[in-house]
Amino acid sequence: MAAGDLELVKLTKRYGGTTAVEAIDLRVPAGTYCCFLGPSGCGKSSTMRMIAGHEIASEGDIILGAQNITDLAPAQRGTAMMFQSYALFPHLTVLDNVAFSLKMKGISKEERYKKARALMDLVDLGRFETRMPAQLSGGQQQRVALARALVTDPGILLLDEPLSALDPFLRLRVRTELKRLQRELGISFLHVTHGQDEAMALADLVVIMKDGRIEQAGSPQDVFHRPATGFVARFMGGHNVLHLDGRPVSVRADRVRIGEGGEDARSLSGEVRGVEYGGATVTLVVHAADAGEITAVIPEEQFYAGPAELGETRSVHWSRRDEYVLQAA
């Protein structure tokens, strides 16, 4: 199916008296890798399941390309979903797992096996076609599930926490593979995750949700360097959220340095309450009475040129150009 822009218009999901997703608007251009990010219960998985057709929207519209797909059955939407559990058929070979949906459509064995093998080659599974799922590693099972989702030529692939069950080394490898596949296929991938690093590494568009609403949607650079709210700044990590000059302000921790600054700097002093060595960097926490806790991430060489000790009173500073004014809560 040809790819198209995805548009969510006032999309809402209620479960009884509880609103899980509240009137969200979003446009995802065709060919975009989009990551939905947020804490548990923020509405990101409910949004994904409504797009897939596994949950019925309470209100609003889901438009893919020129078609309103809000009320269509999952198989009619031009979307495919890869589940966190993989849900492979244990009694079928890898080849038959990948080709299963084509078999259900009545496609001949020769044609469906040809299509399935092409997808298996794309995800480096060709040599495993006669194996059963139990004979595969977790990463290999995941690639089977990925090939099975792609075999129907979806306009959008939906991935619900696809890397959560993998160990850190394999997670990095599969992450690289997902990005490559998305670029080669040229379709949109919508990926739900809890992991900020995962979203930053993969996404063209990051959608951060809180309490059923979209807090901010933008490029990884936008949401990291220019968080819209204190929630986004804290959730993305690496930011101090401070109340300065009567306004909520974000300052990146890697912009904060020890000592008094120059003319354009803002300097504050307080008690050193944390010093953590992290190899290339040292993380320093200073409690300033007027601003609260300020975290500084300092290159190792700079820190040890004038180290700070727990309990000392020390000054920290940053350039006022590095302050970013947040929307009031």
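- The aromatic rings of F235 and F231 sit parallel to each other, their planes meeting at less than 30°, with 60° as the upper class boundary.
- Judged by a 6.0 Å distance limit and a 45° cone about the ring axis, R112 is not positioned over the six-membered ring of F100.
- Contacts of E300 classified as side chain to side chain donor-acceptor pair (under 3.5 Å), with partners at least two apart in sequence or in another chain: Y277.
- Residues passing the salt bridge (charged side-chain N to carboxylate O under 4.0 Å, His left out) test with D71, sequence neighbours excluded: none.
- Side-chain N or O atoms of T32 include none that pairs as donor or acceptor with a backbone N or O of V28 at under 3.5 Å.
- The closest donor-acceptor contact from the side chain of R314 to the backbone of P307 lies under 3.5 Å.
- In this structure, H225 has its ring center at least 6.0 angstrom away from the ring center of Y324.
- Checking side-chain atoms of K13 against main-chain N and O of V21 turns up no donor-acceptor pair under 3.5 Å.
- Remark: side-chain polar atoms of E111 are not paired, donor with acceptor, to backbone N or O of S108 under 3.5 angstrom.
- Here T193 pairs with E198 under the side chain to side chain donor-acceptor pair (under 3.5 Å) rule; sequence neighbours left out.
- E293 contributes no side-chain N or O that, together with a main-chain N or O of V286, makes up a donor-acceptor pair within less than 3.5 Å.
- Proximity of a side-chain donor or acceptor of K10 to a complementary backbone N or O of E22 within less than 3.5 Å is not detected.
- Residues passing the side chain to side chain donor-acceptor pair (under 3.5 Å) test with Q302 are R257, sequence neighbours excluded.
- The environment of I56 atom CD1 is sparse: at most 12 non-hydrogen atoms of other residues, nucleotides or ligands sit within 6.0 angstrom.
- Side-chain atoms of D254 do not come within 3.5 Å of backbone N or O of V297 as any donor-acceptor pair.
- A side-chain donor-acceptor contact under 3.5 Å links R77 to the backbone of T70.
- Applying the ring-ring contact (aromatic ring centres under 6.0 Å, His included) definition to pairs two or more places apart or across chains, those involving residues 8-55 are Y33-F189, Y33-H191, H54-F83.
- Put simply, the side chain of H317 gets close to the backbone of G259: a donor and an acceptor are under 3.5 Å apart.
- Under a 3.5 Å cut-off, the side chain of T93 and the backbone N or O of M132 do not form any donor-acceptor pair.
- Annotation: the span from S219 atom OG to R226 atom CZ amounts to 6.5 Å, rounded to 0.5 Å.
- With sequence neighbours excluded, no residue satisfies salt bridge (charged side-chain N to carboxylate O under 4.0 Å, His left out) with R234.
- Side-chain N/O atoms of E271 and T313 include no donor and acceptor closer than 3.5 Å.
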